[in-house]
Chemist: 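Okay, handing you the structure first.
Order of appearance sets the numbers: ligands from 1, and atoms from 1 within every ligand.
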Amino acid sequence: PWACRACRAAAGTRRRLHTPATSTRSISTDSRFFHVSEEVRQAIAERRPVVALESTIYTHGFPYPANLSLASRLESLVRINGGVPATIGILDGVARVGMGAEELIRLVSSAGQPGLLKVSRRDLGFVCGLTGADGKALNGGTTVSATMILAHMAGIRVFATGGLGGVHRGAEQSMDVSADLTELGRTPVAVISSGCKSFLDIPKTLEYLETQGVAVATFADGREGAVDFPAFWSRDSGVASPMVVRCETEAARVIHAHTSLGLQSGLHFANPIPAQHSIPQQDMEAAIYEALNKATSAGATGAASTPYILAKIKELTGDRSVVANRALVEANVIRGTRVAVALRTLES
Ligand code: PSU
Ligand code: MN
């Protein structure tokens, strides 16, 4: 039934391994299109806490070489906090879970160039199966959706990043809903991020996540009662989070129960930006308004929309939002690693 030799070869190397704590977890071994680094493979086999990191943030968010320094900083933060980092992306037509320093440099050094793709679920077959105009295999940064898929294939359950895609403002006209949300509905990985940016429609995003059956909670950080679902640069969004967790151990308990029940949907734990870096909503609103108008007049729709809007906001707000962006990603990676460590303790 397989169309070509490569497909047969890939299928032949794929097998299911069952692990005691999560019997439904399937681990894909290497194929022509999928590679798990030696370090990550070993960490997973030894059941050490592994934290997945995405790469669209480097290929379509930060310029080179700032993206490289951020990538190595995030990997160090995972290690310092007792975890093993698994940066995920597509290099030479191969989906990679865990990349060495040289591979990372090759992936992120062409940030902003048109040949470097932004890869969500729908794009995986194209970026791995086809070659560029020059006949060379393709590279791409994986979004939250594609990173979740590849992390899950490798047997990784915790993934930390900056922000989530969402339902765009005016989605009732454009139907622009990020594939991150449907992925969270069908792939059992816990994503730790600072919520979604307020150029998106946050109430609609939370509604959509509910429909998809995604477990959504916000870290309370000592606050009592209801807390807001965070809006990336701002701790508050004016929209209450559906659930609250007090600490990393509570998040790990939720993941453990969720997985033990055999649920195949994902989880999202929102970590509000550290207070000293939080930018009030009203300070961002003017820049967001202008960026959205520019995106409309430039015709930036579909997959190009989010990177375009982000770049414009950065242009308009300068250092302040970039510093905040770095600070929140770092905080999320530390939180995510602590969740992975707590999960490991819980399941040992
Ligand atoms: N939001 C951010 N920073 C980002 C992204 C979103 O604040 O870098 C990236 C992530 O990779 C996310 C993707 O998965 O954009 C969502 O793109 P879209 O809206 O086209 O689904
Ligand atoms: Mn979109």
Chemist: Provide the number and element of each atom of ligand 1 under 4.0 Å from a heavy atom of Glu54.
Modeler: 10 (C), 11 (O)

Chemist: For ligand 1, is there an N or O atom under 3.5 Å from any N or O atom of Asp180?
Modeler: yes

Chemist: Could you tell me whether Glu224 atom CD has more than 12 heavy atoms of other residues or ligands within 6.0 Å of it?
Modeler: no

Chemist: Nearest to atom 9 (C) of ligand 1, what protein heavy atom do you find, and at what distance?
Modeler: Thr56 CG2, 4.2 Å

Chemist: Closer than 4.0 Å to some heavy atom of Phe232 - which atoms of ligand 1 meet that?
Modeler: 7 (O)

Chemist: Name whichever N, O or S atom of Asp176 ends up nearest to the Mn ion (ligand 2).
Modeler: OD1

Chemist: Given 3.5 Å as the limit, does a donor-acceptor pair link the side chain of Arg41 with the main chain of Val36, or not?
Modeler: yes

Chemist: Check Glu102 with Arg106, please: is the shortest side-chain N to carboxylate O separation under 4.0 Å?
Modeler: no

Chemist: Side chains of Ser174 and His168 only: does a donor on one sit below 3.5 Å from an acceptor on the other?
Modeler: no

Chemist: Heavy atom under 4.0 Å from ligand 1: found in Leu310's side chain, backbone, both, or neither?
Modeler: side chain

Chemist: Regarding Arg335 and Asp221, does a basic nitrogen lie under 4.0 Å from an acidic carboxylate oxygen?
Modeler: yes

Chemist: In terms of residue, atom name and distance, what is the protein heavy atom nearest to atom 7 (O) of ligand 1?
Modeler: Lys197 NZ, 2.6 Å

Chemist: Below 4.0 angstrom from a heavy atom of Thr143, which ligand 1 atoms are there? Numbered from 1 as shown, please.
Modeler: 11 (O), 14 (O)

Chemist: Counting only heavy atoms, tell me which of Val144, Leu181, Val167, Thr306 gets closest to atom 19 (O) of ligand 1.
Modeler: Thr306

Chemist: Between Thr218 and Asp228, does any side-chain donor sit less than 3.5 Å from a side-chain acceptor?
Modeler: no

Chemist: Return the option from Ser145, Ser178, Gly163 holding the heavy atom at the smallest distance from atom 5 (C) of ligand 1.
Modeler: Gly163

Chemist: With a cut-off of under 6.0 Å to the ring centre and 45° to the axis, is Arg169 in cation-pi contact with Phe199?
Modeler: no

Chemist: Should Thr142 be counted as touching ligand 1, given the test is an N or O pair under 3.5 Å?
Modeler: no

Chemist: Return yes when Lys118 approaches ligand 1 closer than 4.0 angstrom through a heavy atom, no otherwise.
Modeler: yes

Chemist: In terms of side-chain heavy atoms, does Thr87 have a donor or acceptor partner in Glu75 at a distance below 3.5 Å?
Modeler: yes

